[in-house]
Structures are given as C-alpha cells and as structure tokens.
Protein chains: 2
Amino acid sequence: MASVKVTSQDVARRAGVSQPTVSRVFTPGVKVSSAMEAKVRRAAEELGYRPNTLARSLITGQSMTIGLIVAYFDNPFYVEALEKLSRALKDKGYNIMIFMAANHAGDVDQVVQDLLDHQVDGIILASVSTSSDLTARLNEEGVPLILFNRGHSDKSLSAVTSANRAGGAKVAEFLLAGGHERMAHISGWQGASTGRDRCDGFVSALQAKGKEPLAVVDGLFSREAAAAATRSFFSAAETPDAIFVGNDHTAFAVLEVLRGELGLDVGQDVSVIGYDDVAMSAWPSFDLTTVRQPANRMVDAVVAQLIAQIEGRATEPRQIEIDGPLIVRGSARKPEGWVE
Amino acid sequence: MASVKVTSQDVARRAGVSQPTVSRVFTPGVKVSSAMEAKVRRAAEELGYRPNTLARSLITGQSMTIGLIVAYFDNPFYVEALEKLSRALKDKGYNIMIFMAANHAGDVDQVVQDLLDHQVDGIILASVSTSSDLTARLNEEGVPLILFNRGHSDKSLSAVTSANRAGGAKVAEFLLAGGHERMAHISGWQGASTGRDRCDGFVSALQAKGKEPLAVVDGLFSREAAAAATRSFFSAAETPDAIFVGNDHTAFAVLEVLRGELGLDVGQDVSVIGYDDVAMSAWPSFDLTTVRQPANRMVDAVVAQLIAQIEGRATEPRQIEIDGPLIVRGSARKPEGWVE
DNA sequence: GTGAAAGCGCTAACAA
DNA sequence: TTGTTAGCGCTTTCAC
C-alpha cells in the first residue's frame, strides 16, 4: 500500500559503497570492478531496486520516449503500423507515448507541445500534418519530427511514404492492360498528399496512354463518401467498368454497394482496386486487388531515420519513398494471359 | 538545431522575480498576485518557456502518465477501446504510454516493470493477465492496476468487463426462442475469463431449458481456429443450425466459411451470433447479430475507477460488470413475431 | 576504479 | 504573497 521507493542511496548504504557507484553499475558502458558490481547487484536485488528513469532523463536530456500522434484508427493500416512501430521502437530501447489528435493543425500543434513538455526525444506524425510555426520550434528545440504516410511540401521535414504516384500509375496500367474502358477514381482525401499523389499517378498514367478517367471524385478516405460516389457513378448514363479507390478501407464500402445494392458481380461486371493491402483485403469477403504499402519496411525506415536524427547521425531530413507491388486478387479483371 | 532549453530560472531573471515565483505561476491552484503573474507570463511568452514535466514529476511523484498494455489489435474491439481510452484519459489530464506485449505472464511482467521505472501513476491491462507476484509488488509500490475486458480470480485486482455470462445466456435464449435445435459454440479462448464466461453463460442457459449444445470447441479467439471448427461441424453427421462465436472478429471468419466454402445462406440455413458489436459487424458484408460490449461505458468505468484509486479516493479494488444488449441483425433467424 | 561534490529543472517548506 | 533554502533521484565532473 504505502509507496516504498527504493533509491540508489538505499542500495549504496546496504552494499557499503558510494551512491554514484550504484549508478555506475546500472549505467551500461561504464566500468565497475566486478567485486563492486556483485555487491551492488546483490543489495539491489534484495531491496528490489530499479533506477528511476525520470531522474535519469532529467540529467541526460534523453527520455528514450517517442511521441506518436495519430488521427484515427478507422483505417486498419494505421493499426498495423502502430503495432509494428511499437515493437520496433521497443527493440531500440524507446517507449511510445501515444496521442490521438483531430486532423487539423491547431489540435496537432497542441499535442506536439504536450509531447515536448514531456521531453520526448522524437515525434512521429501518422496521417496528420502540422503547422510550419511548430516545425520551426521543433528545429529550435532539436527534437526531430517525422511524418508517416504523409508527404509535406516543407523539405525540412522527414517523411516516409510509399511510392504513391507510382502506385497509382500501376493501377492505371493494370486496368488498361485488362481492357477496361471506363475507369473511375474515388480518390483519397485531396487534403492529404497520399490522396493527391495516388490520384495524380493514376490520372497521369491514363493520359500518357491517351485515356481520360471517366470520373474522379474525392472520397475523403470516408466509407460514406465512397459509397455515395459509387451510387452516383451508377446512376449516370455512362457507368464505369473499373473503380480505383483511394484506400482499402473505403474500397470495402464500394464493394458492398456494388455487390449488395447494385447486384453487380465484382471482378466480372466491374473491377475494383484499392490501396494499402491491409490484412482484411485478403479475406474472402473482400478479395481485393490492391497496391501494397509495405508496412514493415515503412516502419523500419521511419524508425531508422528518426533514431539517426535523434542521435545526430543524420542531420539532414529525408523524404523516403518505399515501393510496393500490386497485389492481384479477384476484385479486378485480369489482363489476358496474366501470370502472377 | 541547437537545443535551446528555457528554464524557469531564465524566465525569473527576465521577469525580475525569483525562480519559485515562476513555478507558482505555472502551478494550478497556487496564489500569485496578478502583477507577478502578468510579468511572469509575459517573460515566459517571450522566451517560449514551458515547464519541464519530467522535473515536476520527479518531485511530485506524479507523472500524470498511465501505462497501457495490449496484447494485439487483431480484434478491432481493442482498437476502438484504445481510441476511447486515449481521449478519456487526455480529458482527465493523463497521458498514455503504450506497450504491446505477448500474452504470457513473463512478457507482461517485464513490460509492467518498464512502466514502473517510468513512474506511471497507474496501469491498464487490456486483454492480458499478469502474475500474482507482480500484483503484490504493485500494491507495495502503490501503483494501481486495472484489467480491461478480463476478469481475474484475485479480487485484489480491479477489473472492468461486460456481463459475459449474462451475454452468453442472452444468446442461448434468443436462439431457443428462434426455434433452433442444434446449437454449436466456437468459444473464445478458454485461457481468458471472457472466453470462459461467455461459454458458461451460454451452456448453462441451454441446460436450464433442458438442452445441450451440439458441440463446443475452443476457437482461441483466432480466425483460423474458428474457420477450422466451422468446417469440422459441417463434416459431421449432425450439422448445427446455429453457431455462437466467442467474438465478432472470429465470427467473421465463420461467416466466410459458411457462405463461401459451404454455400450456405446465413440467417436462413444457419444462424450466427458473435460478441462485441464492433463497427464492422454492422457492415452489409457481415450484418452480424451480436452481443454489444458497450466500449464507451467500459472505458468510462476503467478511467473512473483507476483515477479514483490513484487519487486515493477508492482504496478498494472493484470488479465492475457492464451489461450490454443483444443487437439483432440478419445473420440469425429471429423468433416469430420478433419486434425490435 | 571509486568517492566527494555539484547540479539537471523543478516544487515544497519555511521565513520574511 | 514572495524570496530563500532544500532536495526529488539520478549522472557527471573531478580528484584520489
């Protein structure tokens, strides 16, 4: 019940050594004679001593904590990323302080301040953006920030994304090769670089082959918006024979409208392609052709770059793009003679 | 670039006051004359000062941080809970340090130690359990721990669950009222109280009406295990006309096997009922009848109880059960004359 | 390699 | 109310 905090001082007394010696034993990479080490470890064991990381951080200026800011977890891609990030950072000795923030700069800035107050060593922004004011402040304080799955025009920010333009282009080429004629796009939110880049890549690749998309609608990364867009496509005179959707999570809503409300045979009457390759896309219920965002490699890149900046090995911010393959499943008609 | 840390000392000099006066201005509920306050605030503003919460925590013994340990996010129920927990705790002024842990006591204990080293004020365990050794140690250190969605035989631990036995019973009664004859159960993992209680409630309620379940298999909260169990049910001589599954996430796998591989009309040929009522259960692809776990109320209860224990208002641990309704959708045959 | 002394940035106890 | 003094638990000089 009563909080029995054991300090290095207590251990020192019991082991008959000085307090800094105790500290040295618990600081990796500091030399202590094995005799001392043994005495101290035994005393510590007996008392149940563990170093107070707060006190340590106060001195070293390193909290070994990374702040993670996420807007929402509706999209399972971010859930998968969180899981991987958590494990990857833990492996490197870092802990995660997590915050949910509304996706507008004001709220994000507020949360970043909170994190700075906690002396985090670095910050990861997943699916949100921040103001340039704050970026400047972060630079001043020497706390690196990195964007996950978002690009940014400010090249003083590090960012890791997949190759979204290239991904959009792959979709266009696959659909063209499959003989599709009327390709619509329900884009990701145009306020986000991912939404814009996938869209640009797709449209540009079509145009490069002398084709125009049948329609392009901003699906806002929202199931409801995507479902509404799908209905509107099929109440028009000319209906699409393929729909490229800005991410898997919203593509599922599109599939449901097509199969359920419209009674279409997806993959036959109409092709659907998503983006992300979240685990659910492989479920039989969806069987979605999609562009994979390699979450593992993206996470590894984020962690490596962030830690490099924290440790001063990388002073320059980097924008890293990771390429991902098109994963072909049943939701889209395959080109003739298609081989895996 | 260079880390320009502004301390209360800097602010004090600039404002021409003592350092503790600066501290007082930034400590809520401490009296300062408005003249002082104004001077200090202006100086702080000009220098961009913000208090260092680490230093504060070192003295007060309160980190205003809660440790959250989660085993996995495959089940979206935990994702929803994390999102709500994060926002609820933030509202109360607490931050979350999150860890993923493998679901065996050794790893969990390790992570709990980590959290204690960081002087967290309380710990939430979601979907994992801990050893009694550690429980004792936590009591000693005065750090409250609470289980989310797991019960525990040790009544010195607080826990928040839904009324799992009652929920299982509701399912049995609904299926019986619907005239089902051969009811199978793919239970949640029997190593977890939630899995056991739902199972017990279901079976007991059947037996109370003089019925026995056709079959009960441990689905381990795993999609693969649940799918395998489903296949085995339908390769037996007597096949079920209803399957109660331990949670929604695994029920989706059951639905897919029934509809896809077995070509059955779910809701007509066979009824399926899940547990949780995650958002996806309402999607047209699944349309799953399920027992709702009221995540909002469960989260509110966890936060209230944990904070009460932290602040010393509640010295007694509590086991809280929250009741949830059966949500009737298309995956199960309804009793005659059923009204919502 | 070890101990003594200093101090991270802050709050708490005490005078003034 | 405000300033002075002390000290949270630890790491980091600096002598020895």
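Just so we're clear, the structure is a prediction, and the values are computed from it rather than from any experiment. A note on names: the letters A, B, ... follow the listed sequences, proteins ahead of strands, and every chain is numbered from 1.
Direction of the helix axis in the helix from C:dG1-D:dC16 to C:dA16-D:dT1 shifts by 30° between the two five-pair termini, rounded to 10°.
Listed by chain and number, the residues in a ring-ring contact (aromatic ring centres under 6.0 Å, His included) with A:Tyr49 are A:Phe26 (sequence neighbours excluded). Among residues two or more places apart in sequence or in another chain, the salt bridge (Lys or Arg N to Asp or Glu O under 4.0 Å) test is passed with B:Asp107 by none. Applying the salt bridge (Lys or Arg N to Asp or Glu O under 4.0 Å) criterion to B:Arg150, with sequence neighbours excluded, gives no partner residue. For B:Thr161, the side chain to side chain contact (heavy atoms under 4.5 Å, CB included) partners are B:Asn164, B:Glu321, not counting sequence neighbours. Judged as a side chain to side chain contact (heavy atoms under 4.5 Å, CB included), and not counting sequence neighbours, B:Ala38 has no contacts. Judged as a side chain to side chain contact (heavy atoms under 4.5 Å, CB included), and not counting sequence neighbours, A:Ser129 has no contacts. Under the salt bridge (Lys or Arg N to Asp or Glu O under 4.0 Å) criterion, A:Arg13 pairs with A:Asp10, sequence neighbours left out. In terms of the side chain to side chain contact (heavy atoms under 4.5 Å, CB included) criterion, residue partners of B:Glu46 (sequence neighbours excluded) are, by chain and number, B:Arg14, B:Arg42.
Atom pair B:Gln119:CD and D:dC10:P shows a separation of 9 Å (rounding to whole Å applied). Here the P atom of nucleotide D:dC8 and the CG atom of A:Asp10 are 11 Å apart, to the nearest Å. Between the NZ atom of A:Lys39 and the C1' atom of C:dT2 there is a distance of 11 Å, rounded to whole Å.
Side-chain nitrogen and oxygen atoms of A:Thr21 include none within less than 4.0 Å of the OP1 or OP2 phosphate oxygen of C:dT2.
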* Structure fact -> Per-nucleotide protein contact along nucleotides 9-16 of chain C, 5' to 3', at a 4.0 Å heavy-atom cut-off (B base, S sugar-phosphate only, - neither), is BBBBB---

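Contacts classified as ring pair (Phe, Tyr, Trp, His ring centres under 6.0 Å) and involving residues 75-97 of chain B (residues at least two apart or in different chains) are not found.
Within residues 28-38 of chain B, no residue has any heavy atom closer than 4.0 Å to DNA chain C.
Of the candidates A:Ile124, A:Thr65, A:Leu68, A:Leu89 forms a side-chain contact (heavy atoms from CB on, under 4.5 Å) with just one, namely A:Ile124.
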